[in-house]
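In this chain, numbering begins with 1 at the start of the sequence shown. Counting starts at 1 for both ligands and their atoms, in listed order. Side-chain atoms are counted along with the backbone in the values below, which use heavy atoms only and exclude waters and symmetry mates.
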Amino acid sequence: MTLSGRGGLKRIAVDMDEVLADALGELIRRYNAEFGEQLTKRDLDGHWMWDAVPPSRHGSLAAYLHSPDFFTDLDVIPDSQRVLARLNSIAEVFVATAAMEFPNSFTPKFRWLERHFPFLSPRRFVFCGDKSILHADYLIDDMPGHFDHFMGKGLLFTSPHNTRASSRRDNYVRMDDWLAVEQYFFGK
Ligand SMILES: [Mg+2]
């Protein structure tokens, strides 16, 4: 798939957590610090963090996510800035992120996007719950369920929890990293 940018700009919606921002990395960092563990993303292959830790510690995971500073200093997913800047020159790029589950996350997420993706207009930041409201040609997201009612083409961004997901309805294609996204839109 190659976008020309001519004959009408395509619209690309991009998820934030696990696609642009490494929220899972921060969750693991806090968990390891509190419990003296050495959990890595590799250990989570095919699982959610919640499935990989004892139920007695689930309360701590929820507390990390609800803490006011959790979303403040998340690492940037490799190559996302460069590839998104490139996409932004040929398409309308929107960042669509769910903030409703964690109301504390709204302001930190907004500031994080301004800091790390200054080339994107804040007018294209979409804080939403149900992503089926999105009207776009593509959605890049780590949650396969978001593609079920999405009108455009889904690009599943690989994350430990979705490594075993497969597209039964053929409504998405998998992207292992941002270099794969770059190749998908621009070719070699
Ligand atoms: Mg996500």
Checklist entry - Between Trp112 and Phe117, what is the ring plane arrangement, given parallel below 30°, perpendicular above 60°, and tilted in between? => result tilted
Next on the checklist: Under a 4.0 Å threshold between the charged nitrogen and the carboxylate oxygen, would Arg30 count as salt-bridged to Asp69?
Outcome noted: yes
Item to check | Val93 and Leu120, any side-chain heavy atoms less than 4.5 Å apart | outcome: yes
Checklist outcome for this item: What lies under 2.8 Å from the Mg ion (ligand 1), restricted to protein N/O/S atoms, is Asp15 OD2, Asp17 O, Asp142 OD1
Checklist entry - Other hydrophobic cluster members with Leu179, side-chain heavy atoms of Ile/Leu/Val/Met/Phe/Trp/Tyr under 4.5 Å, chained? => result none
Item to check | Non-neighbouring partners of His146 that pass ring pair (Phe, Tyr, Trp, His ring centres under 6.0 Å), sequence neighbours left out | outcome: none
For residues 151-159, dump all side-chain donor-acceptor pairs below 3.5 Å to protein atoms at least two apart in sequence or in another chain.
from   : atom 1 : to     : atom 2 : distance (Å)
Thr158 : OG1    : Arg174 : NH1    : 3.0
Thr158 : OG1    : Met175 : O      : 3.3
Thr158 : OG1    : Asp176 : OD1    : 2.7

